[in-house]
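The structure appears right after this line, and notes come after that.
What you are looking at is a predicted structure, and each value in this text was computed from that prediction instead of being measured.
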Amino acid sequence: MGAARPFFMNPVPDFSLARANIEGAPKNQMPNVYERERTLEHEISEQVEQTLPGVEVLAVELTGPERFTVYVDRPGGVDHALCEEVTRVLWDYLRQYSVDVSSPGFERPLRKPEHFRRFVGRRVKLKTAERAKLRGEVKRAGDDAVTVGVDGDEVHIPYEQIVRGNLIDERER
């Protein structure tokens, strides 16, 4: 005899805005993935950077409804011990999410103006809120927008429109 249904069932994730606290969004509407990522990134950056001085949160990416990856860096580089320390700081999130902590890798995430400023002259791939994808060279990085050279033209993209930004691994060439 067996059970009529599985013994273990995943609860339906709660995507309410109670935790996200996104301004202007109705309380009963599910936030989009990028809004949730930005909210998590803001919360997590504050926690990690206050608790672990010298550690920078580069990006937070939702990789599923109950999982996210935190990309961190520090001047001496990222090792397993740092990933473990960051995970401990984020302990409260483990009740709702599976949390991965990672080094930036070769295709380093770029989200903030200072990230783009560090890599003027390097090739990047970007995805905007309107789902436009482009690849090009960072020409300028101002306070409000980045300018990327694409096929001989320069494209000016406000940071708030960028939902994903990464360096292109130059080793691919």
Exercise. Take Y34 and R164 through the test side chain to side chain contact (heavy atoms under 4.5 Å, CB included) and record every step on the way to the result.
Key: CA-CA 9 Å; Y34 305 118; R164 291 275 193 278; 3.8 Å; yes
>> Pair L90, L94 - check side chain to side chain contact (heavy atoms under 4.5 Å, CB included), show working.
In response: CA-CA 7 Å; L90 302 176; L94 292 173; over 6 Å; no
Test side chain to side chain contact (heavy atoms under 4.5 Å, CB included) applied to D143 and R117, step by step | CA-CA 10 Å; D143 292 333; R117 285 186 193 112; 2.5 Å; yes
Margin query: What verdict does the salt bridge (Lys or Arg N to Asp or Glu O under 4.0 Å) test give for R118 and E56, after you've listed the backbone C-alpha separation in whole Å, the side-chain angles of each residue and the deciding distance to 0.1 Å?
Written below: CA-CA 14 Å; R118 284 185 218 152; E56 179 184 11; 3.2 Å; yes
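Within the 4.5 Å cutoff, side-chain heavy atoms of P104 are placed close to those of P109. Looking at heavy atoms from C-beta onward, D73 lies in side-chain contact with R108 at the 4.5 angstrom threshold.
What you find for K112 and S45 is that their closest heavy atoms are NZ-OG, 4.4 Å. Smallest separation of non-hydrogen atoms from T69 and S102: CG2-CB, 4.2 Å. The heavy-atom pair separating E49 from V57 by the smallest distance is OE2-N, 2.9 Å.
One hydrophobic cluster, built from ILVMFWY side chains closer than 4.5 Å, holds both I44 and V86. Under a hydrophobic-cluster definition in which Ile, Leu, Val, Met, Phe, Trp and Tyr are linked whenever side-chain heavy atoms come within less than 4.5 Å, directly or via other members, V48 and V78 are assigned to the same cluster. Note on F106: it does not cluster hydrophobically with Y71, by side-chain heavy-atom contacts below 4.5 Å among ILVMFWY residues. Taking hydrophobic clusters as Ile, Leu, Val, Met, Phe, Trp and Tyr residues chained together by side-chain heavy-atom distances below 4.5 Å, V70 shares a cluster with L40. One hydrophobic cluster, built from ILVMFWY side chains closer than 4.5 Å, holds both F119 and I157.
From E170, atom CD reaches atom CD of E107 across 10.0 Å, with rounding to the nearest 0.5 Å. In this structure, L110 CG and N166 CG are separated by 6.5 Å, a value rounded to the nearest 0.5 Å. With values rounded to the nearest 0.5 angstrom, S103 atom OG is found 11.5 Å from R74 atom CZ. Y97 contributes atom OH, which lies 9.0 Å from atom CD of E66 (distance to the nearest 0.5 angstrom). To the nearest 0.5 Å, atom CZ of residue R135 and atom NZ of residue K127 are 13.0 Å apart. If you take CZ on R111 and CZ on R38, they are separated by 9.0 Å, rounding to the nearest 0.5 Å.
Aromatic ring pairs are classed by plane angle as parallel below 30°, tilted from 30° to 60° and perpendicular above 60°; the pair F68 and Y93 is perpendicular.
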Check residues 145-155 and write down every donor-acceptor pair under 3.5 Å in which the side-chain atom is one partner and the other belongs to a residue at least two apart or another chain.
from	atom 1	to	atom 2	distance (Å)
T147	OG1	H156	ND1	3.4
E154	OE1	R140	NH1	3.4
E154	OE1	R140	NH2	2.8

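A129 is linked by a side-chain contact (heavy atoms from CB on, under 4.5 Å) to Q161, V163, counting only residues two or more places apart in sequence or in another chain. Partners of E84 under the side-chain contact (heavy atoms from CB on, under 4.5 Å) rule, at least two apart in sequence or in another chain, are R88.
The pair D169-K125 fails the salt-bridge criterion, with no side-chain N (NZ, NE, NH1 or NH2) lying under 4.0 Å from an Asp/Glu carboxylate O.
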